[in-house]
> 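Below you will find the structure I want to go over with you.
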Protein chains: 2
Amino acid sequence: MTKEIEDAYSFIFEDDLIQEMDEVGTIKSFKENEKIIEIGDNVTSMPLLISGAIKILREDKEGDELLLYFLERGDTCAMTLSCCLGHTKSEIRAVAEMDTTLIMIPIEKMEEWTSKYKSWRNFVFESYHSRLTEMLDTIDTIAFLNMDERLLKYLRDKAKINQNETIQITHQQIAYDLHTSRVVISRLLKKLEIKKKISLQRNSIQVIDL
Amino acid sequence: MTKEIEDAYSFIFEDDLIQEMDEVGTIKSFKENEKIIEIGDNVTSMPLLISGAIKILREDKEGDELLLYFLERGDTCAMTLSCCLGHTKSEIRAVAEMDTTLIMIPIEKMEEWTSKYKSWRNFVFESYHSRLTEMLDTIDTIAFLNMDERLLKYLRDKAKINQNETIQITHQQIAYDLHTSRVVISRLLKKLEIKKKISLQRNSIQVIDL
DNA sequence: CGTGTACAGTAACAATGGTTACATTAATTT
DNA sequence: AAATTAATGTAACCATTGTTACTGTACACG
């Protein structure tokens, strides 16, 4: 068990901390598309990503979704972190983008480690920094880009996260993530296919040149 | 000088820290609409708001702006904080929303105070938390609301920040903040006036019932 | 092998927001 | 007061996105 934690975190944390993580942390695994955190959930432990990937979503009152960003190995969810420290409920939904393993750290350790380990403090600040940057990027995307450009970016990110030129997804699912309708996505995808940037199959999209 | 710092921060920080702030901090004042931080600036000190208000803006490559949020007394800019700690350049522009006084803390003190003062650590985490929340709110607004609703929210926020029912602003300036065109704003404002929610004068808007 | 279901293609139309162009009015300058 | 400038009002039109509705097609399953 220590092995995986070490693989993912040894270059960030000192040995003492990894040791302690191993003692107090619980390993949890999630299947692709399994829900990890729901909006309104009380956050009682802090997830660190060991392997796989997670997508973080926001929802409005009507239940409409919007993809905020993806998290990969070595990442943690600063939103959740923020909730932990502020003892508030989750503002976001987290869904496993693929089969994913996490280590859950009880929130009591947060305070403690923050004073005790410099590497942990740096990790926390570093996480906040990446998440703020990520959020700015999300804002840029929805504020300054048209739907066709957003779709391109989405396909690029998705192919990168899955490390695969072939994206397994339906048009409807993309529409949910980008908060638009299936018809709009189908229309734009078809245009991209005509431009030879992608090739469309049922339930999957082959990235050619984005 | 200590007086103003105390007024704004005594209920958050211990006396030792306030004392130290007073020693190492520099007071800076900005006139309404004066630029405080520009995108790409190297951030060499950390601003804490003593009085007044600041608006934080994002810009795309074409120079189009978008208002992210306002900061008030007792707030700090977590984006700047994040830049300080990560030694990166500013991702945002900060403009004085009204006459504003700041205390600038040299970034060398960040690390030091973070280990030394619990109240400072809490303040930093608290700031990150508020800013993440604020950013989520911004995302909700641009992703889920139409322009008429965004305009309403803008007028509400603006009236609240300025503690004044009469907002001194031109349609063009609102258009910049909301990243749209003047004609669109004039059109929507006129609709709001017809609905008796506001009354329009040249260079100002009177809030009646939002 | 036929049928049902989920997915995708597409046309037609509506709604929202962006653009251009010009008129009108208020403030400022000379 | 006349002239200039800045701000606002408004119409007409365009582009993008959203909606409805219907068709065709791949796939799963009995």
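By convention in this document, chain letters (A, B, ...) are assigned in the order of the sequence lines, proteins followed by strands, and residues within each chain are numbered from 1. Just so we're clear, the structure is a prediction, and the values are computed from it rather than from any experiment.
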> Are A/E111 and A/T114 close enough that a side-chain donor and a side-chain acceptor fall under 3.5 Å?
no
> Round to a whole Å and report the spacing from CG of A/N146 to C1' of D/dC14.
14 Å
> In this structure, how many angstroms lie between the P atom of D/dT8 and the NZ atom of B/K191, rounded?
19 Å
> Could you give the start and end, 5' to 3', of the contact zone on DNA chain C for chain A, using atoms under 4.0 Å from its heavy atoms?
C/dA6 to C/dA12
> Testing B/H179, B/R93, B/R58 one by one against B/E65 for a side-chain contact (heavy atoms from CB on, under 4.5 Å), which residue passes?
B/R93
> Expressed in angstrom and rounded to an integer, what is the separation of B/K190 atom NZ from D/dA11 atom P?
11 Å
> Between residues 171-185 of chain A and DNA chain D, which residues have a heavy-atom gap below 4.0 Å?
A/T180, A/S181, A/V183, A/V184
> Under 3.5 Å, which N/O atoms of the protein pair with N/O atoms of nucleotides 25-28 of chain D?
residue: D/dA26; atom: N3; partner: A/R202; partner atom: NH2; Å: 3.3

> Answer whether the closest heavy-atom distance between the side chains of B/I169 and B/S204 falls below 4.5 Å.
no
> Report the distance from atom CD1 of B/I169 to atom C1' of D/dT8, rounded to the nearest whole Å.
15 Å
> For the pair made of CE in B/M147 and P in D/dG18, what is the distance, rounded to whole Å?
14 Å
> Given the side-chain rings of A/F123 and A/Y128, with only the six-membered ring counted for Trp, is the space between their centroids under 6.0 Å?
no
